[in-house]
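Small disclaimer: the values here were computed from a predicted structure and weren't measured. Order of the sequence lines fixes the chain letters, A, B, ..., with proteins taken first and strands second; residue numbering starts at 1 for each chain.
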Amino acid sequence: MRRFWIGIITLIVLLSGCDAQQFLATPKPGSSNNSNQPQAEVNHMALGNPSGALPETSSSDNYLIQRPEYSLAYNRKLNILNWVSWHLDIGDLGNTDRSQFTTDPDLPEGWYRVKPTDYTNSGYDRGHMLPSADRTASESINRSVFYMTNIVPQAPDNNQGPWKEFEDYCRDLVRDGKQLYLIAGPEGSDGSIGDPKIRVPKYVWKIALVLDANDQISDINRNTEVIALRMPNRDGIRDKDWRDYIVSVATIEEKTKYTFFTNLSSELQNSLKQKVATP
DNA sequence: CTGGCGACC
DNA sequence: GGTCGCCAG
């Protein structure tokens with residue numbers, strides 16, 4: 001009976017959109033992984049800011065959110081992100097439990113904040129762009145990727161199929177001695193869910209630049225491995241290989257109108273963007 | 001929030 | 001074992 005009432009109260013809280021989880025959560029000051037703390041020092045936009053996002057409310061369709069865990073451009077009109085950019089190395093891979101989806105507490109006042117329940121019974125997964133498993137060094141770090149600003153309506157067969165397989169592949173690279181610069185986001189429109197409307201992307205894309213664990217940005221050269229994917233956001237592809245969706249970065253630029261790798265020389269950009277990976 | 005469930009590697 | 005999720009209470 002006691003559990004019953006706790007359930008009902010929780011349900012009411014969730015449905016009302018009140019962000020009680022912020023208060024119920026128990027941040028542990030000393031709980032962060034103190035053996036290695038690369039997060040605070042990493043520049044997650046080391047390769048560039050593909051859409052020129054700004055941290056100003058006037059830039060509401062391209063609003064830059066920078067956290068120790070990632071950099072993200074949010075689109076208030078679409079109620080999803082434009083892209084999220086992050087660095088991945090061995091220090092990011094820990095063993096925390098998955099957090100719970102929550103509204104993003106840091107969006108400007110007056111902006112609609114997508115709730116986890118906005119996706120319920122929509123037919124779409126709450127699809128992480130920056131995967132939970134890439135941020136498991138501590139509970140507070142993992143919590144940051146469960147903000148709904150990092151989530152798009154993603155077809156289950158995409159999210160749980162080849163998209164997930166590529167996420168696994170990236171972490172395997174890291175465990176095999178690599179570090180990755182990653183950026184991912186939605187593209188196009190397949191309608192919307194919810195009220196207010198949350199854009200359902202027609203595609204999701206992801207770019208991984210692969211370096212050895214001890215490389216610097218300055219070690220990037222024309223032979224650096226770059227893997228770019230563009231995957232339809234629909235069901236029926238669960239058993240596809242992620243390699244079936246490899247494209248060039250140039251293709252993603254053409255489709256999204258973003259510009260990647262702007263912090264690299266134009267020669268290097270041109271060379272890397274034409275490549276079609278064969279992993 | 002917890003706990004149970006299902007899918008896949 | 002892990003990962004990704006779903007829903008009920």
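A salt bridge links A:Arg171 with A:Asp134: at least one charged nitrogen is closer than 4.0 Å to a carboxylate oxygen. Between A:Arg135 and A:Asp92 there is a salt bridge, with a side-chain nitrogen of the basic residue lying less than 4.0 Å from a carboxylate oxygen of the acidic one. The pair A:Asp61-A:Arg76 fails the salt-bridge criterion, with no side-chain N (NZ, NE, NH1 or NH2) lying under 4.0 Å from an Asp/Glu carboxylate O. Remark: A:Arg234 does not engage A:Asp190 in a salt bridge, criterion side-chain N to carboxylate O under 4.0 Å.
With a 6.0 Å radius and a threshold of 12 heavy atoms from other residues, nucleotides or ligands, A:Lys275 has its NZ atom above the threshold.
Note: CZ (A:Phe101) to C1' (B:dC1) measures 15 Å, nearest angstrom. When rounded to the nearest whole Å, the span between OH of A:Tyr124 and P of C:dC6 equals 13 Å. The separation between A:Asp235 atom CG and C:dC6 atom P is 12 Å, rounded to whole Å. Rounded to whole angstrom, the span from the CG atom of A:Asp97 across to the P atom of C:dG1 amounts to 14 Å. Rounded to an integer number of Å, the gap from A:Phe146 CZ to C:dG5 C1' is 10 Å. Spacing between atom CZ of A:Arg175 and atom P of C:dG2 amounts to 11 Å, rounded to whole angstrom units. Atom CD of A:Gln100 and atom P of B:dG3 are 11 Å apart (whole Å).
Residue A:Tyr169 is out of contact with every strand shown, counting any heavy-atom pair closer than 4.0 Å. Residue-level contact check: A:Gly127 touches the backbone only, with heavy atoms under 4.0 Å from sugar-phosphate atoms and none from bases.
The side chain of A:Ala133 lies closest to C:dT3 when the candidates are C:dC6, C:dC7, C:dT3.
The side chain of A:Asn159 places an N or O atom within less than 4.0 Å of a non-bridging phosphate oxygen (OP1 or OP2) of C:dG5. Proximity of A:His128 to the phosphate of C:dG5: a side-chain N or O atom is located under 4.0 Å from OP1 or OP2. Here A:Arg98 reaches the OP1 or OP2 of C:dC4: one of its side-chain N or O atoms lies under 4.0 Å away.
With a 4.5 Å cut-off between side-chain heavy atoms of Ile, Leu, Val, Met, Phe, Trp and Tyr, the cluster of A:Tyr181 takes in A:Met45, A:Leu47, A:Leu64, A:Trp83, A:Ile183, A:Trp205, A:Ile207, A:Leu209, A:Leu211, A:Ile217, A:Ile220, A:Val226, A:Val247, A:Val249, A:Ile252, A:Tyr258, A:Phe260, A:Phe261, A:Leu264, A:Leu268, A:Leu272.
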(message) For nucleotides 4-9 of chain B, give me one character per nucleotide, 5' to 3': B if any protein heavy atom sits under 4.0 Å from the base, S if the only such contacts are to the sugar-phosphate, - if neither.
(response) --B--S

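The aromatic rings of A:Phe166 and A:Trp242 are tilted relative to each other, their planes meeting at an angle between 30° and 60°.
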